S.K.: 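The structure's right below; bear with me while I get my questions together.
Worth saying up front: this structure is predicted, and the values here are computed from it rather than measured. Quick note on labels: first sequence line is chain A, next is B, and so on, each numbered from 1.
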Amino acid sequence: MLVIYNTLSKQKEEFIPLEKGKIKMYVCGPTVYDLFHIGNARSFINSDFIRKYLEYKGYEVSFAMNLTDVDDKIINKANAENKTPREVAEFFTRAFFDDIVKLGVKPATIYPKATEHIGDIISMIERLIQNGYAYNQDGNVFFDISKFKNYGKLSGKNIDDLIEGARVEINTAKQNPLDFALWKSAKPGEPAWESPWSTGRPGWHIECSAMSCKHLGDTFDIHAGGNDLIFPHHENEIAQSEAANGKTFVRYWLHFGFLNINNEKMSKSLGNFQTARDFLVHYSAETIRFFFAQTHYGAPLNFANEGLESAKRGLQKIDNLIQRITNSLESAVDVPDSLSAFDIAQFRTAFESAMDDDFNTPRACGVLFDFIRDANKALDAYPAAPRQLLIAIKEFLDITAAGIFGIASFEQANTNAPSLENELIELLISVRVEAKKQKQYQLSDFVRDELAKLGIVLQDGKDKTTFKKLS
RNA sequence: GGCGACGUACCCAAGUGGUUUAAGGGGAAGGUCUGCAAAACCUUUAUUCAUCGGUUCGAAUCCGAUCGUCGCCUCCA
């Protein structure tokens with residue numbers, strides 16, 4: 001049974017999709033005005049874990065992620081760089097896709113863009129006005145939160161407290177300081193579309209409502225995003241969508257904890273961020289994915305060098321087993337009963353029960369490492385590598401480490417399959433073995449050291465020397 | 001000011017009433033292997049869960065207080 005913590009109810013709930021076997025899922029995507037940072041990457045990668053696990057469970061997942069390509073920040077950036085907002089948006093949209101692929105994130109089913117849904121947005125606003133939830137003030141349309149009785153149900157805020165809070169800006173055009181813009185009339189030079197109210201552009205929140213409803217339906221299963229979106233963004237999405245459609249908007253809300261740096265939220269406005277692109281110069285995608293997987297998606301996570309180094313080393317344990325399997329598969333012998341001594345099904349069950357419990361990736365990682373330890377032990381028990389056991393171990397790793405987590409890869413494992421390079425290395429190894437036999441240790445150490453300089457590490461085993469290429 | 005989250009070993013981090021006298025990763029120590037190393041693998045590493053009270057047959061887990069950290073209330077994943 002899959003259980004998900006729902007922000008709306010503040011508790012774990014059994015997950016039952018609206019339509020059997022199918023899941024409609026929406027994650028708030030980027031505003032394409034800059035490269036995204038690793039804090040943003042945390043949301044994308046956590047969504048990726050969740051999506052891949054749901055697919056592993058056999059669900060057909062329709063996964064939509066919006067691209068906000070019209071926004072103040074894009075306009076500002078364009079002005080600052082003497083470009084059109086469209087050029088800025090297109091440039092960073094491409095950059096987004098490049099980086100997401102490098103991070104090993106499976107592309108969403110659809111990436112709706114705000115600028116391609118202006119018609120849907122306008123018709124949703126029209127419905128809101130018709131239903132009495134919105135008003136036009138000199139070409140600006142605002143949502144009237146006093147008309148929506150459940151306003152605050154997601155974030156647990158009450159309207160009076162919010163009004164008292166000193167931080168709500170007074171905007172005289174609004175009837176209530178908490179009302180928010182659905183449509184903004186454009187200033188000269190800004191991107192703008194014709195509408196019944198003014199030549200202008202959509203407000204921030206409405207695009208998500210219009211696009212998610214269009215592509216996933218008026219009611220859909222999962223909506224995820226960063227913790228900071230709970231209020232006001234998601235609160236406003238609920239108000240708009242439910243006021244326009246008269247139906248429950250989203251059934252399960254999940255929110256990602258922040259990536260902190262020096263125990264402070266990493267954010268564009270604080271300037272304490274590192275772009276994902278820059279990060280990938282120093283570390284692999286597998287490292288950051290594993291680093292994220294070791295903390296629950298909802299908990300805050302401090303981004304520190306120590307933690308990344310620790311993740312990087314931990315990953316080697318997985319790689320070593322993959323390397324071991326890849327190398328020994330060729331010379332493996334048939335041992336049909338080799339499976340009986342090692343109960344893989346038990347690990348599969350443990351892995352699933354961890355993931356079924358609100359996508360508990362840290363616990364699932366624990367299962368993975370228990371598995372690795374036991375798999376090594378099981379293999380040690382055989383004088384020659386048993387094919388059936390190797391295949392079963394590989395299968396488990398393929399599903400978990402390589403598949404759902406994307407923190408390891410059999411494709412990238414360096415094989416000792418014949419290639420000129422590998423044969424040359426083998427030749428040097430046999431020279432070294434010969435030198436060792438004759439106790440010419442100076443020569444054998446020379447071969448070892450020189451190969452090490454080339455990134456090839458020799459591993460003297462019991463009766464065979466193997467090698468490993470460092471990437 | 002309002003609302004909320006969190007505080008578990010040297011570091012990171014699961015566990016939220018008995019199967020846990022607390023998973024897993026890093027680190028450290030020991031071992032196997034080795035000419036020596038390295039790598040790899042194996043083993044060990046918290047009677048204790050911020051502090052103090054309380055509830056309970058039984059708590060890291062529930063309740064209260066205290067201290068500390070962080071977030072939202074403004075754009076933000």
Side-chain angles (χ1 to χ4, degrees), chain A residues 7 10 27-31 33 36-47 71-73 76 152 155-158 160-169 178 204 224-233 235 255-260 263-270 273 290-291 293-296 298-302 304 306-318 320-321 323-324 350 354 357 360-373 376-377 379-380 435-437 439-441 444-445 448-449 452 457-463 465-468 470:
Chain A
T7 309
K10 290 184 189 283
V27 177
C28 286
T31 299
Y33 74 107
F36 65 85
H37 60 65
I38 41 188
N40 303 317
R42 188 179 183 202
S43 293
F44 302 147
I45 289 174
N46 277 136
S47 307
D71 173 86
D72 283 346
K73 281 179 292 209
N76 293 342
S155 55
K157 298 186 184 302
N158 83 57
D160 296 335
D161 291 343
L162 285 167
I163 291 170
E164 278 174 30
R167 301 174 76 181
V168 175
E169 204 179 314
L178 295 175
W204 173 37
N227 243 317
D228 50 356
L229 296 181
I230 295 174
F231 191 89
H233 186 55
E235 194 69 71
H255 289 95
F256 302 120
F258 293 129
L259 187 68
N260 294 335
N263 292 312
E264 219 180 26
K265 174 183 173 181
M266 176 180 291
S267 75
K268 290 270 169 73
S269 39
L270 289 172
F273 64 92
F290 179 50
F291 179 68
Q294 278 185 295
T295 299
H296 185 77
L301 168 60
N302 202 39
E306 253 184 326
L308 291 164
E309 285 299 322
S310 153
K312 190 176 165 185
R313 295 206 191 96
L315 227 41
Q316 286 175 1
K317 226 168 181 164
I318 306 174
N320 286 331
L321 180 57
Q323 197 65 55
R324 179 177 189 177
D357 184 10
N360 194 326
T361 55
R363 216 165 90 206
C365 284
V367 173
L368 183 58
F369 280 89
D370 284 341
F371 173 82
I372 290 168
R373 186 193 56 229
N376 273 313
K377 276 203 244 181
L379 289 173
D380 285 344
K436 274 172 43 167
K437 271 187 198 158
K439 298 206 194 309
Q440 293 178 10
Y441 294 124
S444 65
D445 287 353
R448 180 214 281 160
D449 295 345
V457 178
L458 298 190
Q459 303 174 334
D460 287 340
K462 217 168 197 153
D463 38 33
T465 297
T466 57
F467 66 91
K468 181 175 163 185
L470 300 178

S.K.: Within the 4.0 Å heavy-atom criterion, would you say A:His255 contacts the bases, only the backbone, or no part of the nucleic acid?
M.R.: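 It contacts nothing in the nucleic acid.
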S.K.: Taking atom C1' of B:C72 as reference, at what distance in whole Å does atom CG of A:Asn260 sit?
M.R.: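 My rounded result for the distance is 13 Å.
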S.K.: Taking B:A39 as the reference, what is the distance to B:U21 when you measure between their C1' atoms (whole Å, please)?
M.R.: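 Here B:U21 and B:A39 have their C1' atoms 37 Å from each other.
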S.K.: Tell me which nucleotide among B:C41, B:G71, B:C73 gets nearest to the side chain of A:Asp380.
M.R.: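 Comparing B:C41, B:G71, B:C73 against the side chain of A:Asp380, the answer is B:C41.
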S.K.: By the 4.0 Å heavy-atom rule, please label A:Lys265 as base, sugar-phosphate, or nothing.
M.R.: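 The residue A:Lys265 makes base contact.
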S.K.: Under the ring-ring contact (aromatic ring centres under 6.0 Å, His included) rule, collect the residues that match up with A:Phe369, sequence neighbours excluded.
M.R.: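 With sequence neighbours excluded, A:Phe369 shows a ring-ring contact (aromatic ring centres under 6.0 Å, His included) to A:Phe290, given in chain and number order.
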S.K.: Which residues satisfy the ring-ring contact (aromatic ring centres under 6.0 Å, His included) test with A:Phe371, sequence neighbours excluded?
M.R.: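 ring-ring contact (aromatic ring centres under 6.0 Å, His included) list for A:Phe371, sorted by chain: A:Phe342, A:Phe347, A:Phe396.
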S.K.: Please report the distance, rounded to the nearest Å, between CD in A:Glu235 and P in B:G4.
M.R.: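 Those two atoms, CD and P, are 14 Å apart.
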S.K.: Going by side chain to side chain donor-acceptor pair (under 3.5 Å), name the residues that satisfy it together with A:Asn376, two or more places apart in sequence or in a different chain.
M.R.: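 So A:Asn376 forms a side chain to side chain donor-acceptor pair (under 3.5 Å) with A:Arg324.
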S.K.: Could you report the tightest heavy-atom contact between A:His296 and A:Arg42, atom names first, then the distance?
M.R.: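 What the structure gives for the nearest pair is O-NH2, 3.0 Å.
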S.K.: Rounded to whole Å, how long is the line connecting atom CG of A:Asp357 with atom C1' of B:A14?
M.R.: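 After rounding, the gap between these two atoms is 10 Å.
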S.K.: In this structure, are over 12 heavy atoms from other groups packed under 6.0 Å from A:Gln459 atom CD?
M.R.: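 Check passes, neighbour count above 12.
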S.K.: Round to the nearest Å and state the distance from A:Phe256 atom CZ to B:A5 atom C1'.
M.R.: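 Interatomic distance, CZ of A:Phe256 to C1' of B:A5: 17 Å.
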S.K.: How far does the P atom of B:G24 sit from the matching atom of B:U44, given to the nearest Å?
M.R.: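 My reading of the P atoms in B:G24 and B:U44 gives 10 Å.
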S.K.: Distance check, P atoms only: B:U61 and B:U56, in whole angstrom units.
M.R.: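 One P to the other, the span is 16 Å.
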S.K.: Starting from P on B:G7, measure out to NE2 on A:His296 and report it in whole angstrom.
M.R.: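 Computing the A:His296:NE2 to B:G7:P distance gives 13 Å.
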S.K.: Would you mind classifying the nucleic acid contact of A:Phe258 as base, sugar-phosphate or nothing, using non-hydrogen atoms under 4.0 angstrom?
M.R.: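 It contacts base atoms.
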S.K.: Mind checking side chain to side chain donor-acceptor pair (under 3.5 Å) for A:Gln294 and listing every partner two or more places apart, or none if nothing turns up?
M.R.: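 Counting only residues at least two positions away or on another chain, A:Gln294 forms no side chain to side chain donor-acceptor pair (under 3.5 Å).
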S.K.: Does A:Leu270 or A:Ser267 map to a spot on RNA chain B nearer the 5' end, using the closest nucleotide for each?
M.R.: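 Closest to the 5' end, via its nearest nucleotide, is A:Leu270.
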S.K.: Using whole Å, report how far CD1 of A:Ile372 lies from P of B:C41.
M.R.: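 Rounded to the whole Å, the gap is 9 Å.
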S.K.: Which listed nucleotide (B:C73, B:G71, B:C41) is nearest to the side chain of A:Asn376?
M.R.: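 Nucleotide nearest to A:Asn376's side chain: B:C41.
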S.K.: Could you give the distance separating B:A14 and B:C6 at their P atoms, to the nearest angstrom?
M.R.: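 My reading of the P atoms in B:C6 and B:A14 gives 11 Å.
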S.K.: Using a heavy-atom cut-off of 4.0 Å across all strands, would you classify A:Gly156 as base, sugar-phosphate, or nothing?
M.R.: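 If one applies the 4.0 Å heavy-atom cut-off, A:Gly156 turns out to touch the sugar-phosphate alone, with no base involved.
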S.K.: Among residues at least two apart in sequence or on other chains, which ones pass salt bridge (Lys or Arg N to Asp or Glu O under 4.0 Å) with A:Lys312?
M.R.: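 Partners of A:Lys312 by the salt bridge (Lys or Arg N to Asp or Glu O under 4.0 Å) criterion come out as none, since no residue qualifies.
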S.K.: May I ask you to say what A:Ser269 touches in the nucleic acid, namely base, sugar-phosphate or nothing, with a heavy-atom cut-off under 4.0 Å?
M.R.: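 Here A:Ser269 touches the bases of the nucleic acid.
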S.K.: Rounded off to whole Å, could you give me the CD1-to-P distance for the A:Ile230 and B:A5 pair?
M.R.: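 Spelled out: CD1 on A:Ile230 to P on B:A5 is 11 Å.
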S.K.: Between B:A5 and B:C10, how many Å separate the two C1' atoms, rounded to a whole number?
M.R.: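 Approximately 26 Å lies between the C1' atom of B:A5 and that of B:C10.
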S.K.: Closer to the 5' end of RNA chain B via nearest nucleotide, is it A:Lys377 or A:Asp71?
M.R.: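 Going by which nucleotide is closer to the 5' end, it is A:Lys377.
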S.K.: Under the side chain to side chain donor-acceptor pair (under 3.5 Å) rule, collect the residues that match up with A:Asn227, sequence neighbours excluded.
M.R.: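 A:Asn227 satisfies side chain to side chain donor-acceptor pair (under 3.5 Å) with no other residue.
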S.K.: For the residue pair A:Lys157 and A:Phe231, establish whether any side-chain heavy-atom pair is separated by less than 4.5 Å.
M.R.: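 Heavy-atom side-chain distance check passes, below 4.5 Å.
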S.K.: Using a 4.0 Å heavy-atom cut-off to protein, can you give one letter per nucleotide of nucleotides 21-38 of chain B, 5' to 3': B if the base is in contact, S if only the sugar-phosphate is, - if neither?
M.R.: --BBBSS-------BBBB
S.K.: Rounding to the closest angstrom, what is the interatomic distance between B:U8 and B:A60 at atom P?
M.R.: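 These two P atoms come out 15 Å apart once rounded.
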S.K.: Look at all strands and tell whether A:Gly298 reaches a base, only sugar-phosphate, or nothing, counting heavy atoms closer than 4.0 Å.
M.R.: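 The answer is nothing, as A:Gly298 stays clear of every strand by at least 4.0 Å.
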S.K.: Can we say A:Lys377 and A:Asp380 salt-bridge, meaning some charged N sits less than 4.0 Å from an Asp/Glu carboxylate O?
M.R.: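 Looking at A:Asp380 together with A:Lys377, the answer is no, because their closest N to O distance does not fall below 4.0 Å.
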S.K.: Under 4.0 Å from OP1 or OP2 of B:C3: is there any side-chain N or O of A:Asn158 that close?
M.R.: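 Answer is no, no contact under 4.0 Å.
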S.K.: How is A:Leu259 classified with respect to the nucleic acid when contacts are heavy atoms under 4.0 Å: base, sugar-phosphate, or nothing?
M.R.: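 Touches a base.
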S.K.: Under the side chain to side chain donor-acceptor pair (under 3.5 Å) test, which residues partner A:His233, sequence neighbours left out?
M.R.: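 A:His233 satisfies side chain to side chain donor-acceptor pair (under 3.5 Å) with A:His205, A:Glu237 only.
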S.K.: Is the distance from OP1 or OP2 of B:A40 to the nearest side-chain N or O of A:Asn320 less than 4.0 Å?
M.R.: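 Checking B:A40 against A:Asn320, a side-chain N or O does come within under 4.0 Å of OP1 or OP2.
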S.K.: What is the distance, to the nearest angstrom, from the CD atom on A:Gln316 to the C1' atom on B:A39?
M.R.: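 About 10 Å, once rounded to whole Å.
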S.K.: Would you measure the distance from the C1' atom in B:A22 across to the matching atom in B:G15 and give it in whole Å?
M.R.: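 B:A22 and B:G15 have their C1' atoms separated by 7 Å.
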S.K.: Quick check against the 3.5 Å criterion: does A:Asn302 have a side-chain atom that pairs as donor or acceptor with the backbone of A:Asn263?
M.R.: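 Confirmed, A:Asn302 side chain pairs with A:Asn263 backbone.
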S.K.: Take atom C1' in B:C33 and the same atom in B:C70, then report the distance between them in whole Å.
M.R.: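 Comparing C1' positions in B:C33 and B:C70 gives a spacing of 48 Å.
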S.K.: Return one dot-bracket line describing RNA chain B 5' to 3' (Watson-Crick or G-U wobble pairs, both distances under 3.5 Å; ( ) same strand, [ ] crossing, | another strand, . none).
M.R.: ((((((((.[[[..)..(.....]]]((((((.......))))))....[[[[[..)....]]]]])))))))....
